[in-house]
Amino acid sequence: MLYTQQDYDDIKTLQRKFWVKMIIASLIYIAAITVFSIVRIDWPGYTISALWAIFVVSSWGMQGARIRKYYLFLKDIKEGLEKEITGSVKEIDTSITSSDHLDFYTVIFNDDNADPKSPSRKLYFDVAKGVPDMKEGEQLKIMLFGNNIKGFEKI
């Protein structure tokens, strides 16, 4: 299996660290705004408020959303239904494909049990797990969650 409990624990820790940093930074900004409100000097308070808003939005957009999406992805992988298919690898595209704030490699897979008219299936391999250790034409048994590769074995 590609995913372990350690992966899940690591992303939970990363998510906690992100929120702790956001809370500490927000408390500092709020303290500064409060001080300037008490002193009744308006423009520094307005400037700090604008900087705080920019900080929160950009931090969430660049880090928070990706961490949260990956956390939810690992939670779904851990708890979700698993399907097993067998077949051969048709093509491995090592260029990164993004889907819902997550990065994947695309693997085109010929499913042995699929409809003969369209046996190829597009699967996604997590970039965080490195380049897939599979070769074109190789026979594999793949464990899936949706179209995401959860694990694989060579036959």
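No hydrogens, no waters, no symmetry mates; every other heavy atom, side chains included, goes into these values. Note that the numbering runs from 1 along the sequence shown for the chain.
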Side chain to side chain contact (heavy atoms under 4.5 Å, CB included) between R68 and F18, intermediate numbers included: CA-CA 10 Å; R68 179 74 178 153; F18 173 78; over 6 Å; no
Any side-chain heavy-atom pair of L2 and D126 under 4.5 Å: no
Interatomic spacing from CE in M143 to CD1 in I77 - rounded to 0.5 Å: 11.5 Å
Check: E138 and D133 side chains under 4.5 Å, non-hydrogen atoms: no
pair F109-L140: side-chain heavy atoms closer than 4.5 Å: yes
Residue pair K122 / T106: nearest heavy atoms and the distance that separates them: CG-CG2, 3.5 Å
F73 and Y3 aromatic ring geometry - parallel, tilted or perpendicular at 30°/60° bounds: perpendicular
Donor-acceptor contact below 3.5 Å, side chain S58 vs main chain F55: yes
Hphob cluster co-occupancy, L74 + L14, side-chain heavy atoms under 4.5 angstrom: yes
From Q139 atom CD to N110 atom CG, the distance as rounded to the nearest 0.5 Å: 9.0 Å
V107 with V131, same ILVMFWY side-chain cluster at under 4.5 Å: yes
Cluster check W60, I30: I/L/V/M/F/W/Y, side chain < 4.5 angstrom: yes
Heavy atoms from other residues, nucleotides or ligands near CD1 of I155 exceed 12 (cutoff 6.0 Å): yes
Rounded distance [0.5 Å steps], CD1 in I96 versus CG in D103: 5.5 Å
Closest approach of S88 to G137 (non-hydrogen atoms, all atoms of both residues): CB-O, 4.1 Å
Exam field: side chain K78 to backbone Q5, donor-acceptor pair closer than 3.5 Å: no
Co-membership, hydrophobic cluster, residues W43 and V35, 4.5 Å side-chain: yes
Rounded distance [0.5 Å steps], OG in S59 versus CD1 in I54: 11.0 Å
Closest approach of G80 to K150 (non-hydrogen atoms, all atoms of both residues): O-NZ, 4.1 Å
V56 side chain reached by M22 side chain, heavy atoms, under 4.5 Å: yes
Residue pairs passing the side chain to side chain donor-acceptor pair (under 3.5 Å) test where at least one lies in residues 14-37, sequence neighbours excluded: S26-W52
ring-ring contact (aromatic ring centres under 6.0 Å, His included) pairs, two or more places apart, involving residues 121-147: F104-Y124
L144 side chain near R121 side chain, heavy-atom distance below 4.5 Å: yes
Stepwise side chain to side chain contact (heavy atoms under 4.5 Å, CB included) check, K129 with D7: CA-CA 10 Å; K129 294 297 174 182; D7 295 326; 2.6 Å; yes
Spacing of L51 atom CG and Y46 atom OH [to the nearest 0.5 Å]: 15.0 Å
Heavy-atom check, side chain of I92 versus side chain of Y105, under 4.5 Å: no
Hphob cluster co-occupancy, L72 + Y8, side-chain heavy atoms under 4.5 angstrom: yes
Value rounded to 0.5 Å, distance of NZ in K83 from CG in N147: 9.0 Å
